[in-house]
2 protein chains.
Amino acid sequence: MDSNQHIKSLIHHISQDVTLDEYAIDKLSSVLVIKELNKKEFLLEPGETANTMNFIAQGCMRSYYLDENAQEHTLQLGIEHWWINDLYSYLSRKKSRMYIQALEKTFLIQLPRIELEKLYIELPEISNFFRIKIQSAYVAVQERVIDSMSDDAYERYDTFRRSYRDIEQRVPQYIIASYLGVTPEFLSYLRKKHS
Amino acid sequence: MDSNQHIKSLIHHISQDVTLDEYAIDKLSSVLVIKELNKKEFLLEPGETANTMNFIAQGCMRSYYLDENAQEHTLQLGIEHWWINDLYSYLSRKKSRMYIQALEKTFLIQLPRIELEKLYIELPEISNFFRIKIQSAYVAVQERVIDSMSDDAYERYDTFRRSYRDIEQRVPQYIIASYLGVTPEFLSYLRKKHS
DNA sequence: TCCGCTTCTTAATATACCTTAAGTTTTTTC
DNA sequence: GAAAAAACTTAAGGTATATTAAGAAGCGGA
């Protein structure tokens, strides 16, 4: 797939929520940056500042951080047509504590923050689009808080598998464990117990 | 404090993030609804659908739900100048599973969804404002996910106290426990142990 | 095709947090 | 200001999940 195809898939993605006219599409296209990452390559590492919004045109990524015991905790997983970022760093302009890493060879479409801020003013539909996207993202994270408080680990695993079957099959178990908030050993034990 | 004061405080709150001209202020003011709630009164109960955005002009509120064992889990706490809602229900138009309850006598300013959708089109600064607000809310919930995965219960309690000292002093311990995801008994034990 | 690296499993021991139940203190109500 | 209700504490015993350590299985590169 070439760059134009990737860009078309982003335009199509945005058009599912808001209406873009010719002018908006041209404006938008002119600021997009394509980025290619190899498996295990990092888009962002602790100490850096997030400067772009990142749409996954093709591939698979995750964001995670290390706690004080150097344990990995996965915050976000994403595949084609998902967005991935450290919004804390992007919005606050502060250094990130997160790693954002490709789990497969991945093609991103990036929207630089400076350009995006200008687009928000000139093209209200773009501001609208991101408002709608982030509303859904907020609801999804809140759902995760609810799950983590109500359910035991196996139920969370089961919910995860049912919700993200296509992701589950592309990511190693230990990353899923670190997303669910359990050790790989305990997840392995749960899988055996329920099989 | 009378209604006009409450409305002024909302306008002032919005003006901290975006610029509102006379026309926008008039338009906005014309759709606002003031709602008064007594202590323990519910704004929303399971089975109802959220139809408004709710700004706390004065008072204290929380949202919570009951899990399958009828345990309360507090999702959101808020005081003056915070927003409170079940965004899942509001955005999806589906029935809520949540209670939203006043913890003190509270005055809300409500923005009906139908009117707000119209404002988004006519006044892009309003769409912008809610995009900015929800971005911050997303970061805050994500921070909560991070805390719940890295820290033990006492650290979470400590972080909560440092971040929300003004809230901590207005709500009972058992609600804070249900926000942190522990039993009131265990929180009591932790408080003693660390005192 | 084999080696080395990454991922997954097993099991024993340890710990954070829960459940239950009872008693105490604080707040609300009339 | 007394009675009732709500909130908080204490403690014993139980469960879910972590830790450690070792080995097995799968997989990518020469």
Side-chain angles (χ1 to χ4, degrees), chain A residues 38-42 60 62 64 66-74 77 99 101-105 147-161 167-195, chain B residues 37-42 59-60 62 64 66-74 77 99 101-106 145 147-161 167-195:
Chain A
N38 287 318
K39 184 169 179 173
K40 304 210 172 175
E41 199 175 340
F42 290 103
C60 182
R62 72 155 168 160
Y64 68 96
L66 302 179
D67 68 18
E68 54 275 16
N69 308 314
Q71 297 277 34
E72 283 182 13
H73 296 281
T74 297
L77 287 167
Y99 296 86
Q101 185 186 34
L103 301 177
E104 304 172 357
K105 184 175 188 65
D147 285 355
S148 77
M149 291 202 300
S150 343
D151 300 348
D152 71 11
Y154 187 75
E155 283 176 74
R156 262 144 54 212
Y157 175 58
D158 205 48
T159 305
F160 176 84
R161 290 214 300 186
I167 290 187
E168 188 217 346
Q169 279 153 3
R170 285 161 76 168
V171 195
Q173 300 279 343
Y174 79 89
I175 288 182
I176 294 174
S178 89
Y179 179 91
L180 297 173
V182 297
T183 59
E185 293 86 351
F186 188 58
L187 181 56
S188 177
Y189 161 78
L190 289 176
R191 281 160 51 79
K192 187 181 183 196
K193 188 171 123 189
H194 287 86
S195 64
Chain B
L37 292 165
N38 287 317
K39 184 168 179 173
K40 303 211 173 174
E41 200 176 339
F42 291 102
C60 183
R62 71 155 169 163
Y64 68 95
L66 301 180
D67 69 16
E68 55 276 14
N69 308 313
Q71 297 278 36
E72 283 182 13
H73 296 281
T74 298
L77 286 166
Y99 296 87
Q101 185 186 34
L103 301 178
E104 304 172 356
K105 184 175 187 63
T106 296
V145 172
D147 285 356
S148 77
M149 292 203 297
S150 343
D151 300 348
D152 71 10
Y154 187 75
E155 284 176 73
R156 260 145 54 211
Y157 175 57
D158 205 50
T159 304
F160 176 84
R161 290 214 299 187
I167 291 187
E168 186 217 347
Q169 279 153 5
R170 286 163 74 169
V171 305
Q173 298 280 344
Y174 79 90
I175 288 181
I176 294 175
S178 89
Y179 179 92
L180 296 173
V182 297
T183 58
E185 292 86 350
F186 188 58
L187 181 55
S188 177
Y189 161 78
L190 290 176
R191 279 159 53 79
K192 186 182 185 198
K193 190 173 121 188
H194 287 86
S195 67

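Labels below follow one simple rule: chain letters A, B, ... track the order of the sequence lines, proteins then strands, and each chain is numbered from 1.
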> dC17(C), dA18(D), dA7(D): which one has an atom nearest the side-chain heavy atoms of Val182(A)?
Replying inline: dA18(D)
> Counting side-chain heavy atoms from C-beta on, which of dA21(C), dA11(C), dC18(C) comes nearest to Glu185(B)?
Replying inline: dA21(C)
> If you check every side-chain atom of Gln173(B), which of dA21(C), dC8(D), dA18(D) has the closest atom?
Replying inline: dC8(D)
> What is the distance from CG of Asp152(A) to C1' of dT15(D), rounded to the nearest Å?
Replying inline: 11 Å
> Closest nucleotide of DNA chain C for Lys40(A) versus for Leu187(A): which of these residues is on the 5' side?
Replying inline: Lys40(A)
> Which word best sums up how the rings of Tyr64(B) and Tyr99(B) line up, parallel for under 30°, tilted for 30 to 60°, or perpendicular for over 60°?
Replying inline: parallel
> Taking CZ from Phe186(B) and C1' from dA11(D), how many angstroms apart are they, rounded to a whole number?
Replying inline: 14 Å
>> Tell me the interatomic distance from Asp67(B), atom CG, to dC18(C), atom C1', rounded to whole angstroms.
In response: 13 Å
> For the residue pair Tyr154(B) and His194(B), does the interplanar ring angle fall in the parallel (under 30°), tilted (30 to 60°) or perpendicular (over 60°) class?
Replying inline: parallel
> For Glu72(A) and dT6(C), what is the distance between atoms CD and P respectively, to the nearest whole Å?
Replying inline: 12 Å
>> Any base atoms under 4.0 Å from Tyr174(B), or only sugar-phosphate, or nothing? Heavy atoms, all strands.
In response: sugar-phosphate
> What's the verdict on ring-ring contact (aromatic ring centres under 6.0 Å, His included) for Phe186(A) and Tyr189(A), showing C-alpha distance, side-chain angles and the deciding distance?
Replying inline: CA-CA 5 Å; Phe186(A) 188 58; Tyr189(A) 161 78; 5.7 Å; yes
> When the distance from CG of Leu180(B) to C1' of dC18(C) is rounded to whole Å, what number comes out?
Replying inline: 15 Å
> For DNA chain C, whose closest nucleotide is more 5', that of Asn69(B) or that of Lys193(B)?
Replying inline: Lys193(B)
>> I'd like to know if the side chain of Ser178(A) pairs up with that of Thr74(A) as donor and acceptor (distance under 3.5 Å, no hydrogens or angles considered).
In response: yes
>> In whole Å, I'd like the distance from the CE atom of Met149(B) to the C1' atom of dA18(D).
In response: 16 Å
> OH of Tyr189(A) versus P of dA16(D): gap in Å, rounded?
Replying inline: 8 Å
> Does a nitrogen or oxygen in the side chain of Arg191(A) sit under 4.0 Å from OP1 or OP2 of dC8(C)?
Replying inline: no
>> Once you apply a heavy-atom cut-off of 4.0 Å, does Lys39(A) come out as touching a base, just sugar-phosphate, or nothing?
In response: nothing
> Hey, is Arg62(B) close enough to Glu72(B) for a salt bridge, meaning N to O under 4.0 Å?
Replying inline: yes
> Under 4.0 Å between a side-chain N or O of Ser188(B) and OP1 or OP2 of dC8(D)?
Replying inline: no
> To the nearest Å, how far apart are Gln101(B) CD and dA6(D) P?
Replying inline: 12 Å
> Quick one: is dA18(D) close enough that its OP1 or OP2 comes under 4.0 Å of any side-chain N or O from Thr183(A)?
Replying inline: yes
